There are 2 protein chains.
Amino acid sequence: MAALDVAPAARRGRPGYDQNSMLEVIVEVFVDRGYDASSLDTIAKRLGLSKSAVYHHFTSKAEMLEIALERVLGELERVFDDAEALDLPAVERIRRIISEAVLVACARQQYLVLLLRLHGNSDVELNAMARRRELTARLSRIFEAARAEGGARDDIDPALAARLTFGLVNSLVEWYRPDGPDEPAALADTVLAFVRSGMLAADGRGPR
Amino acid sequence: MAALDVAPAARRGRPGYDQNSMLEVIVEVFVDRGYDASSLDTIAKRLGLSKSAVYHHFTSKAEMLEIALERVLGELERVFDDAEALDLPAVERIRRIISEAVLVACARQQYLVLLLRLHGNSDVELNAMARRRELTARLSRIFEAARAEGGARDDIDPALAARLTFGLVNSLVEWYRPDGPDEPAALADTVLAFVRSGMLAADGRGPR
DNA sequence: GTCTATATTAGGATAGAC
DNA sequence: GTCTATCCTAATATAGAC
């Protein structure tokens with residue numbers, strides 16, 4: 001899994017922003033205040049530029065959103081592509097997807113928040129929401145396969161399992177902080193443990 | 001050609017809105033488009049009123065948000081008050097809180113979405129976010145007690161357990177539909193099953 | 001309680017100089 | 001690539017008639 005690295009930092013001074021390094025700052029503003037409440041004035045100030053200078057790099061506010069969403073959606077889709085390419089039991093594919101998705105959630109936290117908070121107020125948003133739904137559908141199909149193979153509990157609907165599982169993973173972005181105490185890899189293990197056997201202690205009657 | 005008697009009997013199908021019934025519609029708009037992207041013009045149109053008429057019932061857009069947030073926060077706080085008042089093992093209090101919180105999430109879905117999407121752009125938002133954090137802290141303390149009593153797994157930090165559990169419950173609002181196939185009570189059971197013993201099948205080695 | 005009309009400000013986006 | 005100045009629209013909110 002390559003390329004979870006953060007984009008290269010801005011080149012020393014204020015001048016010489018490229019689109020990538022600007023995007024990091026812009027996404028920060030979007031996440032802080034919400035996309036709709038983020039004015040270009042605020043964005044420009046945070047970048048230390050004028051509004052016009054910002055428009056030299058992006059044709060519109062919507063384009064900023066579009067590029068940011070592409071980044072996280074592309075990575076998540078690749079997680080699925082990779083897992084589905086492997087010849088493994090479905091339950092093992094699920095584990096890999098969850099684990100990798102947690103890592104993406106941590107590495108691209110802000111971009112993921114953006115995706116999760118969309119409302120469908122524009123074509124850009126509607127398009128991204130459709131791609132997000134497709135990811136859930138893919139996970140749902142794998143849960144279905146896992147159930148057929150005896151790897152997932154059969155008393156929970158696969159679609160529901162997929163939604164709850166993504167709900168769990170996605171909830172990380174609410175509180176995860178890159179400079180906090182939680183390591184992404186350890187978080188992935190915790191989430192896996194939760195999905196595998198829940199949060200409460202054994203009661204002596206086995207995992208059901 | 002004066003249009004003499006255009007004066008409608010003011011029966012637009014919904015005469016006599018009170019604040020409560022207006023709020024239902026307003027929250028719908030807020031959820032649809034996001035609070036910041038919801039204009040009073042849109043709200044007024046959805047209500048079948050003019051903007052001024054809306055201002056007769058609410059002093060500002062922020063007040064609409066404040067009242068809506070109070071509704072869901074009040075109910076969630078009551079869930080905790082009730083559970084904490086009972087003399088029960090902590091793990092049982094957790095079960096009740098989860099179950100009741102799922103019911104609130106379903107019954108007040110739209111109001112909860114509003115709470116979950118706040119950004120802290122105003123005092124109203126900041127205040128509600130603080131109350132939300134306090135709820136998570138309360139759940140964290142009960143997980144701590146459960147662990148001390150041997151009711152929760154000891155390899156997951158109580159604060160993390162609380163956040164993941166709320167993440168799971170809160171994720172319901174993303175897809176739950178009151179007129180859909182899922183019954184709130186059944187959903188509560190599914191979430192409880194997830195929290196108790198995970199999503200995957202037993203592997204013969206017990207719940208850990 | 002509801003309307004029309006309007007004040008006022010903020011926001012997205014562009015023009016054109018340097 | 002960045003700036004200042006500006007256009008135009010839409011947004012919150014108010015005034016005052018009925």
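Owing to the predicted nature of the structure, the values given are computational and were not obtained by experimental measurement. All values below come from the heavy atoms of this structure, side chains included, with hydrogens, waters and symmetry mates left out. All chains are named by letter (A, B, ...) in the order of the sequence lines, taking the proteins before the strands, and each is independently numbered beginning at 1.
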Practice task
Calculate, to the nearest 0.5 Å, the distance between atoms CG and CZ belonging to B:Leu172 and A:Arg163 respectively.
Solution key: 9.5 Å
Problem - Interatomic distance where CE belongs to A:Met22 and P belongs to D:dG1 [whole Å] - result: 11 Å
Handout entry: Touch class at under 4.0 angstrom, heavy-atom based, for B:Lys61 against every strand present
Key = sugar-phosphate
Handout entry: Rounded to 10 degrees, the angle between the two terminal axes of the helix from C:dG1-D:dC18 to C:dC18-D:dG1, each from five pairs
Key = 0°
Practice task
With DNA chain D as reference, determine whether B:Ser60 or A:His56 sits nearer its 5' end, using the nearest nucleotide of each.
Solution key: A:His56
Handout entry: For atom CZ of B:Phe58 and atom P of D:dT14, their distance in whole Å
Key = 15 Å
Practice task
Spell out, as yes or no, whether a donor-acceptor pair under 3.5 Å connects the side chain of A:Thr165 to the backbone of A:Ala161.
Solution key: yes
Completion exercise
When rounded to whole Å, the CG to C1' distance for the pair B:Leu49 and C:dG1 reads 9 Å
Handout entry: Among D:dC3, C:dT4, C:dG12, the nucleotide that comes nearest once only the side chain of A:Ala53 is considered
Key = D:dC3
Exercise for the section: Please list, chain by chain and in numerical order, all residues satisfying side chain to side chain donor-acceptor pair (under 3.5 Å) with A:Arg96, sequence neighbours excluded. Expected result: none
Pairs under 3.5 angstrom, nitrogen or oxygen only, protein versus nucleotides 15-18 of chain C, please.
{"residue": "C:dA15", "atom": "N6", "partner": "A:Ser52", "partner atom": "OG", "Å": "3.0"}

Contacts table for residues 176-189 of chain A: side-chain donor-acceptor under 3.5 angstrom, sequence neighbours left out:
none

Problem - Main-chain N/O of B:Val79 paired to B:Glu100 side chain as donor or acceptor, under 3.5 Å - result: no
Problem - Rounded distance (Å) that lies between atom C1' of D:dT12 and atom OH of B:Tyr35 - result: 10 Å
Problem - Qualifying salt bridge (Lys or Arg N to Asp or Glu O under 4.0 Å) pairs with a residue from residues 117-129 of chain A, counting only residues at least two apart or across chains - result: A:Arg117-A:Glu174
Practice task
Round to a whole Å and report the spacing from NZ of A:Lys51 to P of C:dG11.
Solution key: 8 Å
Handout entry: Length of the line joining B:Tyr55:OH and C:dT2:C1', which is rounded to integer Å
Key = 16 Å
Handout entry: Partners meeting side chain to side chain donor-acceptor pair (under 3.5 Å) with B:Glu75 (sequence neighbours left out)
Key = B:Arg108
Exercise for the section: Output all residues satisfying ring-ring contact (aromatic ring centres under 6.0 Å, His included) with A:Phe30, sequence neighbours left out; order by chain, then residue number. Expected result: A:Tyr35
Problem - side-chain N/O A:His57 vs D:dT2 OP1/OP2, d < 4.0 Å - result: yes
Exercise for the section: Could you tell me which residues satisfy ring-ring contact (aromatic ring centres under 6.0 Å, His included) with B:Tyr111, sequence neighbours excluded, listed by chain and number? Expected result: none
Problem - Pair listing, salt bridge (Lys or Arg N to Asp or Glu O under 4.0 Å) test, anchored in residues 41-57 of chain A, at least two apart - result: A:Glu28-A:Arg46, A:Asp32-A:Arg46, A:Asp41-A:Lys45
Exercise for the section: Please identify each residue that fulfils side chain to side chain donor-acceptor pair (under 3.5 Å) with B:Arg133, with sequence neighbours left out. Expected result: none
Practice task
Round to the nearest Å and state the distance from B:Gln19 atom CD to C:dT2 atom P.
Solution key: 13 Å
Handout entry: Between D:dC3 (C1') and A:Leu47 (CG): distance, integer Å
Key = 15 Å
Handout entry: Residues which pass side chain to side chain donor-acceptor pair (under 3.5 Å) with B:Ser50, listed by chain and number, not counting sequence neighbours
Key = none
Practice task
Enumerate the residues from residues 36-43 of chain A whose closest heavy atom to DNA chain C is under 4.0 Å, giving them by residue number; use none for an empty result.
Solution key: A:Ser38, A:Ser39, A:Leu40
